[in-house]
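All values below were derived from every heavy atom in this structure, side-chain atoms included, with hydrogens, water molecules and symmetry-related copies excluded.
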Amino acid sequence: MKQLFFILTSTILINLNSFGQIWTPEIICSTDTLVIEPYISMKYLSKKKDTINIEPYKVVQCHTRSRVGFRMDIAVSNYYYGNKTTSWIGQHGGPNFNFFLTVDKLNFGFRFKPWSINPKKELNFNGQTLPTTATLNNIKLDYYVGYSLDFEKLISIEPYAGYNQTSFFVINEDELNQAFTFNKTGGLIFGTTLNKYFKLKNYGYLSVFGTLGYSFTDYKKVHPDLDNGYLEWNLGIAVKSFGIKRFNKRIE
């Protein structure tokens with residue numbers, strides 16, 4: 001599974017870089033013409049006026065997409081663990097909430113991926129046996145940096161890399177009359193998101209997207225009977241919006 005994912009991701013990125021096209025921000029200008037009177041600095045007042053260019057000129061007011069924006073996602077995730085980890089918590093899904101800042105084509109993101117599960121088998125943690133009746137919160141936090149490869153028809157491929165932090169908490173300790181502590185763990189993550197954007201207003205967009213990723217999270221730090229890593233895919237919708245950059249365009 002890991003080798004297949006590596007091959008597919010590499011093939012997609014190599015091919016896209018071969019025929020990529022630029023997603024050019026639209027420039028919108030007013031139809032009204034303004035006349036600008038040039039400012040003459042005080043240091044030029046002592047010179048003869050005929051040596052100073054004081055002719056007024058015409059401009060139109062324009063705006064375009066700025067380099068800075070933000071995006072918010074909501075998605076459904078599914079995780080596929082190794083056999084040892086699966087025997088404890090199973091293959092499960094959960095919600096995915098994603099927030100990131102974009103600067104031109106760079107994306108700086110944060111994902112919050114919570115879910116509650118019941119263990120499939122008992123395991124001992126620090127002298128306490130965690131039963132299958134426990135309600136276990138599996139909290140994943142992803143911190144990552146991505147890059148947007150933009151194409152025609154508002155399609156974008158966004159490869160990313162970063163770090164995952166995973167924590168476990170038992171939320172029904174009172175019912176079980178026991179207290180549990182778990183080691184936190186984490187690992188490198190990487191993947192690719194495919195977006196189809198739909199323009200909303202000005203420089204705001206709605207995206208329907210899918211993500212395929214892999215995490216090297218080390219579950220052996222939680223318990224030595226577990227193994228490392230998981231594959232995940234996400235399907236969701238997002239809103240992405242950029243600021244507006246305003247400027248004057250000189251006309252003849």
When you measure from the centre of the six-membered ring of [Y], is the NZ or CZ of [X] under 6.0 Å away and within 45° of the axis?
{"X": "Arg65", "Y": "Phe242", "answer": "yes"}
{"X": "Arg111", "Y": "Phe97", "answer": "no"}
{"X": "Arg71", "Y": "Tyr205", "answer": "no"}

Side chains of [X] and [Y]: closer than 4.5 Å at any heavy-atom pair?
{"X": "Val170", "Y": "Leu176", "result": "yes"}
{"X": "Thr193", "Y": "Asn234", "result": "no"}
{"X": "Gln165", "Y": "Lys184", "result": "yes"}
{"X": "Pro119", "Y": "Ile89", "result": "no"}
{"X": "Phe112", "Y": "Leu141", "result": "yes"}
{"X": "Glu232", "Y": "Lys113", "result": "yes"}
{"X": "Ile139", "Y": "Phe169", "result": "yes"}

If you draw a 6.0 Å radius around [atom1] in [X], do more than 12 non-hydrogen atoms from other residues or ligands fall strictly inside?
{"X": "Lys120", "atom1": "NZ", "value": "no"}
{"X": "Asn124", "atom1": "CG", "value": "yes"}
{"X": "Lys196", "atom1": "NZ", "value": "yes"}
{"X": "Ile237", "atom1": "CD1", "value": "no"}

Gap between atom OG of Ser148 and atom CG of Asn107 - 0.5 Å precision: 4.0 Å

Gap between atom OG of Ser87 and atom CG of Leu226 - 0.5 Å precision: 7.0 Å

Say whether [X] and [Y], considering side chains only, have a donor N or O and an acceptor N or O under 3.5 Å apart.
{"X": "Glu122", "Y": "Thr129", "result": "no"}
{"X": "Tyr144", "Y": "Asn98", "result": "yes"}
{"X": "Asn138", "Y": "His92", "result": "yes"}
{"X": "Asn118", "Y": "Thr132", "result": "no"}

Aromatic ring proximity Phe108/Phe100, centre distance under 6.0 Å: no

is_close_aromatic(Phe182, Phe125), centroid dist under 6.0 Å: yes

[X] side chain to [Y] main-chain N or O, any donor-acceptor pair under 3.5 Å?
{"X": "Thr166", "Y": "Gly186", "value": "no"}
{"X": "Asn195", "Y": "Tyr197", "value": "no"}
{"X": "Asn172", "Y": "Thr133", "value": "yes"}
{"X": "Ser66", "Y": "Gly243", "value": "yes"}
{"X": "Lys84", "Y": "Tyr219", "value": "no"}
{"X": "Thr85", "Y": "Tyr81", "value": "no"}
{"X": "Asn183", "Y": "Lys221", "value": "yes"}
{"X": "Thr102", "Y": "Asp104", "value": "yes"}
{"X": "Asn126", "Y": "Thr181", "value": "yes"}

Residue among Trp88, Trp115, Phe180 satisfying ring pair (Phe, Tyr, Trp, His ring centres under 6.0 Å) with Phe168: Trp88

Sidechain N-carboxylate O distance under 4.0 Å for Lys220, Asp227: no

Carboxylate-amine/guanidinium contact Glu158 Lys105, below 4.0 Å: no

CA sep, side-chain torsions, deciding dist, call: Phe209, Leu194, side chain to side chain contact (heavy atoms under 4.5 Å, CB included): CA-CA 5 Å; Phe209 70 90; Leu194 171 64; over 6 Å; no

Full working for ring-ring contact (aromatic ring centres under 6.0 Å, His included) between Tyr143 and Tyr163: CA-CA 5 Å; Tyr143 307 90; Tyr163 184 81; 7.5 Å; no

Geometric class of the Tyr214/Phe190 ring pair [parallel <30°, tilted 30-60°, perpendicular >60°]: tilted

